[in-house]
Each structure stands twice: as C-alpha cells, then as structure tokens.
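The next block holds one structure in the form of structure tokens; read it before the comments.
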Protein chains: 2
Amino acid sequence: MKTVKVLAPASVANLVCGFDVLGMALADPADEMTMSLSNKPGIRIIHEDAYGLPEAAEKNVAGAALMAMMKELDPSIGFTLRVNKCIKPGSGLGSSAASAAGAVAAANALLDDKFSTDDLVRFAMSGEKLASGVKHADNIAPCLYGGITLIRAIHPLDIVRLSFPDLYVTVVHPQIEVKTSDARQILRKQVLLKDAIRQWGNIAGLVAGFMQKDYDLIGRSLEDVIIEPVRSILIPGFDDVKTRCLEAGALGGGISGSGPSVFMLSVEERTAQRVREVMEDVYGSLGIDYKIYVTRIDEKGVKINEVLQHQ
Amino acid sequence: MKTVKVLAPASVANLVCGFDVLGMALADPADEMTMSLSNKPGIRIIHEDAYGLPEAAEKNVAGAALMAMMKELDPSIGFTLRVNKCIKPGSGLGSSAASAAGAVAAANALLDDKFSTDDLVRFAMSGEKLASGVKHADNIAPCLYGGITLIRAIHPLDIVRLSFPDLYVTVVHPQIEVKTSDARQILRKQVLLKDAIRQWGNIAGLVAGFMQKDYDLIGRSLEDVIIEPVRSILIPGFDDVKTRCLEAGALGGGISGSGPSVFMLSVEERTAQRVREVMEDVYGSLGIDYKIYVTRIDEKGVKINEVLQHQ
C-alpha cells in the first residue's frame, strides 16, 4: 500500500488590508497527516488529535475536499487519512484550510501528481465551504503554494505568488472562540467609497512593499480601515496588543483571518521575541490563556515528507 | 533674467482599478511652459494657447499651485509664466495637473531645486483643488515623477514609484465635455463590500503584474467593477470601443481619469496602431470628433529643457 506523510502549514489570511485576497503560510504550526491509497472505495478519516472533529467524510473538512477531488477520479479508488491536527480549530490560523489542503495534496502525491496545484486549491475550497459556508482561498492558496499569495479572483481562479523579504512572524492565539461565520456576519455589506479607496491604496502599497522589499512601506501599508475596526471588538486586548507591539518595533500586523489570533511582522528575530513578550504580558494581565508562535514565512506550502511502498 | 522651459506630460489617472491612487505619465501630449524669475513680486501668467483660461493667478491652476509654493518663499520673489497648453482642458488626460506640476517644477528649477519632488506634489495639489474641488495626486504624482505611481495616501503624502514593462498606450479623446466635478458627483458614496474586495484584488494584481512584467496578469487585472459601470455612461461609444479594442489585441484599458478620454495598453506597437484604427472607426461612425495619441509611458516626468542666463 502506497502511503504519504504530509505537513500542512498554518496560514494568516487577509494580511490586514487584503481581506479575502491575501494570505501567508507559516513555518509553524503545521498539521500532520498520513494517507494511504486503498482498494476499497470511499474515504476513511481517523483523527488522532483530541479536538473531537467529525470523522464522517461529508462532515469533515478534509473529507469534503477529498470528495470534491473524487468527482474527477475513478470511483474505485479509496483513501485512508490519519490526521493529527496541531493547528487548533477556530484559531484563525487556517486550521480548516490545512486539513483540506493537506488531504488533497496527500491524495495527489499518491496519484502521481495527476492534478495541478490550482486544481488542488479548487478541491480544497470545498472544505472551506463546509467549514465557514463560503468558498474562499486566502488560507488554501498559501497553504498549498507557500509564501505570500494573492487570490485575485476565484471565478475563475487566479492566484499570484508574491516575492517578499525576510520577515519574522509573531502570532498569539488567545484561547477564546470566534467563529468564522460569526466574524463574517458582523461585517457590513456596504462600505464607504472613501474607505475602500484607502484600503486599495494600502493593498497596492503592501504588494509593492513585499516585492520591492521595502520594510517601511510594508509597515505603512498594514492598515485596515474596513474590517479591523469591526472585528477587533471580538478580540479582548486587541488594541492594547497592537499598540504595544508597534512600540516594541513590529512593522505592523493585525487580526489573523477572522481571529482571534493576532499576528505581527518584524524585520529581526529579537524584535519578534520582544513582540512575544508584549503579547504574553497583555494576555497574562487579562487572565486569558494563550499560545504564541515566533516563526517565519513558510516558502514551500504543504510538504510531502515521505512516500512508503508496502507489499 | 534666469529662464527655464519645461514640458509637463499628460497622464492617465486611476488605471481602471486604482481609482484615486494610481496614475501613469504619457510621452505625448505635453504642455509647454516658459518661466522666468522676476524682481517684481507676484505671479504673472500668460496663456499662449486658445483655451481662454483665466490668467489671474488665484483663478489659474498653475497660479494656485505657485501661490501654495510662494507661502514657503521669500515674498519678494516673482515669476512670469508663459503657457502653451497642448493637453486640452477637460480631456481626462491630466491637463490641470500638467499646468500645476509644470509650473511648480519650473519654479523649483529656477530656485536651484530648493524643494523635494514630494513638496512639489503638495504645492501642485492646490492647483487640482482649484480645478476639481478636491486635492488629489493621481495625475500630479506621475506628471512630476514620471512612470507609474501609486499614491498610497495623501495625508501624509506617500508616493510609491512602480516598475513596469514595455507598453504602448493608445488614447482617444472624443471631443465632448465631461467635468471632473460632475464625474465625481455621480459616484455612489457607498459601495458593496464584495465589489470593493474584487477591486482590491484587481489593484493588487495590477501592481504585481507591472512589477513582475506579467502582461497577462496586467490584462486580467484591468477590471473596474465600481467606477467604470457608473462613469462610462457619460462616454458615448465606451462599451463598443472597449470590446473592439480588446478584440484587436489590447491588454486592457478603460476611462482615463474622469473621462471622456479612453486609454488602452498594448504590448506591441502594431497592436496599439490597430487599437487606434478601432477607435477611429467607432468615433467616426458616431460622428463625434476625436483626437488620438499612440504613445509610450513617459519615464521622467516634467522635463526641464533649457536654462538660459541673461544679463
């Protein structure tokens, strides 16, 4: 039986001013999965973590992604997937995207790369649909491609990989629950044109800043006048964390995806560590449990770690 | 008496998906100006063109820009400015910006580059305020810096010069009047969030396309779901011109500034010439007079052509 092990990275969607269109993969944390081809048709999912996620394929994010892929495959193929989730569901760090992207990337490796990476994005979005009710690729695309990706459009899919300079990422996940679907519902359906103009000036600046490796421009462009003012209300300590992280030398940052995680970018590791201390202090003072990662941008996307051939 | 001659280029603001934040300078047309320092305080403006523009400094776009500059100068200085406008006022090709930017650049050359280019942008915006009621820099910045510029913000001013590949520009100016102030008034104050997301995906794609020299990405990103559907109604033949120019091989394009001029980008000169033929055909059939330019992106901004020292 052919078996692959994969690591599917966490990711930060939106990147402050790029709501629904920008995403960045993280070197840490990552979900661990093992997948085998099976002669028995169907999808079997076993969770080795303790999050109590549903294992029936149609109710499981990885399962929904695999089911979308199966529609374009010989129906006699079957998969067995073992998942050890290290990205906590509901963290705002692309946990569902890692499940979906990791599963379809694993299956594709078992199928000798039958599908393109864009195909995998398409399949994995069915997992996101199950998780949040909306097909979006701002976690899926960086998770599969690595690095920082622009999802210019999803109909038809148009993913652009952006170059970027060395950066450290500090992420705090306060252990409170913010559901992606709730975080979407509180957004206004209409926005002021003047705010939209400011936002597209910022995303244009952020893209130029990444590509020109202009740290100051990246910092100035990490401003969100539309989503953050609404969603940050759901995150205790947000304003305090942000203000103090900037004072500690972070370039900028904001809500990771729909939250509650908050990320900050820094040019140097020692700054990223100071940012970690600030985050510890804020959430320690608030008496809210938290988990912090000081990490880099993952450049490869889902990693296929091992292919074993058994009799 | 010290005298300079300057050429101030036309410019295309917005670049379809970058309303109020992107602009591009054109090699042709350009306004011609001659400026002399004078011992007599005050600003004297003489128009050598036949557009009947006011010559009193406070009512003249170049004059308003110079008056903003004079606030930071020795009050005993005077300027005499002769202007031959080759960019027709009201064309949507940055005519007022060329007047304002050319005047302050000329004055700065006479003052041995006392001010930075960002200072000149700031002064010239006072000319735009007089022309359209709003301080904006999406024509001023490319006119002064050349090339393609992002105006990420104007308070404080944050201008980013973008790299770009070889491109030909075809511009048609149908001889009808669209006032910038009218073109602003018909815009909605609020836009749908989903449209804004599409727009910032497009501007991010356009910036990445320019910088990666990816012609296809530039073409796909030249889409405006917010401004063009409203403003194009003011421009006869717009949909027909756009559809047929794309069929003729143009990468994409749209309204130049607030119109009525329409521009198209092409990779090759022969395509840009085919686009010209299409434009001629459409406006010829409609019985509307027009002027067409087939040109390049100007890379230098306002050109100081000559400095003469008289006794």
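Reminder, nothing fancy here: chain letters follow the sequence lines and each chain counts from 1.
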Evaluation steps, side-chain contact (heavy atoms from CB on, under 4.5 Å), between B:Asn202 and A:Arg152: CA-CA 6 Å; B:Asn202 279 323; A:Arg152 194 194 65 81; 2.4 Å; yes

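Within residues 157-165 of chain A, the residues approaching chain B closer than 4.5 Å by heavy atoms are, in numerical order, A:Asp158, A:Val160, A:Arg161, A:Leu162. Interface residues of residues 137-149 of chain A toward chain B, defined by a heavy-atom distance below 4.5 Å: none.
In this structure, CG on B:Leu187 lies 15.0 Å from NZ on A:Lys194, to the nearest 0.5 angstrom.
The environment of CD in A:Glu299 is sparse: at most 12 heavy-atom neighbours from other residues, nucleotides or ligands sit within 6.0 Å. By the 6.0 Å contact criterion, NZ on B:Lys213 is enclosed, its count of non-hydrogen atoms from other residues, nucleotides or ligands being greater than 12.
Ranked by heavy-atom pairs shorter than 4.5 Å toward chain B, the options A:Ala196, A:Gly205, A:Ala204 are led by A:Ala204. Of all the listed residues (B:Arg198, B:Lys189, B:Arg220), the one sharing the greatest number of non-hydrogen pairs under 4.5 Å with chain A is B:Arg220. The candidate from B:Asp195, B:Ile203, B:Ile227 with the greatest count of non-hydrogen atom pairs under 4.5 Å with chain A is B:Ile203. Your options are B:Leu206, B:Ile197, B:Asp214, and the one with the most heavy-atom pairs under 4.5 Å with chain A is B:Ile197.
For A:Gln212, the parts lying under 4.5 angstrom from a heavy atom of chain B are both the backbone and the side chain. For B:Leu192, the parts lying under 4.5 angstrom from a heavy atom of chain A are both the backbone and the side chain. At a 4.5 Å heavy-atom cutoff, the contact between B:Arg188 and chain A is made by backbone atoms alone.
Of the listed residues (B:Val207, B:Leu150, B:Asp20, B:Ile226), just one forms a side-chain contact (heavy atoms from CB on, under 4.5 Å) with A:Trp200, and that residue is B:Ile226.
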